[in-house]
Number of protein chains: 2
Amino acid sequence: MTTIKDVAKHAGVSVATVSRVINATGYVHEDTRRKVEDAVKELNYTPNEVARSLYKRKSRLIGLLLPDITNPYFPQLARGVEDRMQESGFRLIFGNSDESKEKEKDYIQTFIQNNVVGLISSTNDPDSSAYTSLDLPVVFLDRIASDRPSVYADGREGGRLAAQALMERGSKRITILQGPQHIRTAQDRFRGAAELLEDQAIDYHVVRTESFAFADAEKWARQLFDQHPETDGVIASNDIVATAVLHEAIRLGKKVPDDVQVIGFDDIPLSSLLSPALSTIRQPAYDMGRAAAELLIALVEGTPVVNRTIQMPVAFVERDTTHKKR
Amino acid sequence: MTTIKDVAKHAGVSVATVSRVINATGYVHEDTRRKVEDAVKELNYTPNEVARSLYKRKSRLIGLLLPDITNPYFPQLARGVEDRMQESGFRLIFGNSDESKEKEKDYIQTFIQNNVVGLISSTNDPDSSAYTSLDLPVVFLDRIASDRPSVYADGREGGRLAAQALMERGSKRITILQGPQHIRTAQDRFRGAAELLEDQAIDYHVVRTESFAFADAEKWARQLFDQHPETDGVIASNDIVATAVLHEAIRLGKKVPDDVQVIGFDDIPLSSLLSPALSTIRQPAYDMGRAAAELLIALVEGTPVVNRTIQMPVAFVERDTTHKKR
DNA sequence: CCTCAATGTGTAACCGGTTACAGCCATACA
DNA sequence: TGTATGGCTGTAACCGGTTACACATTGAGG
């Protein structure tokens, strides 16, 4: 490995001068600069980030903590984050937390040990001491921390949109799958939907669900049609759960959307490929990832930030599990 | 941030002794050890990995380079890698290459600058100088580099299995979607299928395809039924492409599997959720990720390795886009 | 001709760890 | 009693950069 000393020797200058050239700081004579640049090129030198990071107590690394990259919603977030970070020369250290506090703490610990300059996390508990006691810039992604930087979609509005879509398309006996209690964004969606249905004095039922995993979702889908067989409209807590509902409905010989309409949440890539294609509330996951990255970069670089919490818009995506409107 | 000096002062010993305690090296008196351990606990000290890494010229970081985490096949690989690495205390620096050599080089560069101890890559060109000139352990994942460590599925056998499955289930006029020419694993699948059909003297056509993206796949699906309308069996280059074929078949009013059978490759999570659910050749993506991680760890730690190239088994997964066999 | 500021460069300390080496003490053994 | 040996600890060099500071040179202005 070639070091700054090699370059200095090769160019016949001191390491300080080489450092000045590669960082474009201080005074360097034009001729000297050229000599150094030639040496750098000739020796194919690139500075060791570790040494830099040690002295500066800052790296170009960002920690990214997601519950599970295997869940089809998260790759899009991750990609958005990565693309934006890459544009500004930051790299990602990545971890799956499996929603376990233990793992989260573990990762945060090693992130710090590696001098990351910031952290993007989709945690269920932004108020845990693991985060509050951190003196790193943190941005919460797809999660809400009232007074701290976060980027999330307008779940409340999403819930309303879903309820309204079903209503307008003739569903009378709606069942809402509530989504995990400990995930604030899921509860916002639920509240949005429930709220609107109550306003409109529409009859609805609620089925509690505990996770977003498909295997569990099948169970709740069964339970849904078991307990509320008269249901003619389902608002699922996300697209995975909606898919399970769709399958169960078909298994029971119900026609979708004629016997029962289904709406999901997220608009993961899968949704448009199902048959019937899933109507859903779209979250702009990729853009959310980018926005979070952008926000974090501003925080890291000390650029003044006007909006520390960014709420992204959601939209109803009409496909084939809901009636065409007129 | 508390440093080793703080701990040393607090415990009334030298930094060397503290270092010995936390690394369990050299001689340390039992009483001293306890004092140091207490100080560590009290100050909540964890060693700075960056400083360590600088002196040792080795970190606990691994580079992971995938084409696109947004493609549903890769998260499973990534997760496998991550889980195994995590078990041995390694962290991942992650990047999407988009199959661009430029980006690959860029990432490899910064991986090196961060003293990663190894690299796992799904590159299309393992023989590029970017890899051959590297003096880091590299494991190629889902890609084949004849003489260098790699983990991949048996595509040839997969192709054969696919062809055989269609044949046994009565397809007479089979079309194979060839898959990108520059991806060796895709060509192996193709060759396996073509091989078997030739052996059995079965009539088949080939449609060339250039990528795995869904948007492109729709185009080729159209082309397929356009050029070879009599096709009664399709071997797709992967599940994404198979999904597009499935959609096109349904759009054309063809019954699947009665008019045309379809087989994919990969068995991504999506496949079982489609209706009809997609029959496919399964690659054990998660396990492949784990295996690659395991191999790399052995390489990094200098453990003797017997098999530097690991070929994982594939299997036919019978679902609803092929006839049930009797 | 003197002074001062701007330009240009090198020396050495520093970041936070690891480790070679030297030195000290206690015990064992001749 | 002298000496070798093992146990234990501290000092300081080192990893590869950055930067404070000192110093030299040059040209402008009085």
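Residue numbers start from 1 in every chain, and the chains themselves are labelled A, B, ... in the order their sequence lines are given, proteins ahead of strands. Basis for what follows: all heavy atoms, side chains included, without hydrogens, waters or symmetry-related copies.
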Does one side chain, of [X] or [Y], offer a donor that lies under 3.5 Å from an acceptor on the other?
X       : Y       : answer
R57(B)  : N115(B) : no
Q109(B) : T46(A)  : yes
E104(B) : T123(B) : yes
Y73(B)  : D142(B) : yes

Under 4.0 Å protein heavy-atom contact, by nucleotide of nucleotides 3-16 of chain C - B base, S sugar-phosphate only:
----BBBBB--BBB
Who pairs with F140(A) by ring-ring contact (aromatic ring centres under 6.0 Å, His included), at least two apart in sequence or on another chain?
Y131(A)
Within 6.0 angstrom of E30(B) CD, more than 12 heavy atoms from elsewhere
yes
When you check the phosphate oxygens OP1 and OP2 of dT18(D), does a side-chain N or O of S19(A) lie under 4.0 Å from one of them?
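Yes.
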When you check the gap from the basic side-chain N to the acidic O, do R79(B) and D83(B) get nearer than 4.0 Å?
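A salt bridge is present here (some side-chain N lies under 4.0 Å from a carboxylate O).
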How many whole angstroms separate atom NZ of K58(A) from atom C1' of dG17(D)?
17 Å
Ordered by number, residues from residues 108-119 of chain B within less than 4.0 Å of DNA chain D (heavy atoms) are none
Within 45° cone of Y107(B) ring axis and under 6.0 Å: R91(A) NZ or CZ:
yes
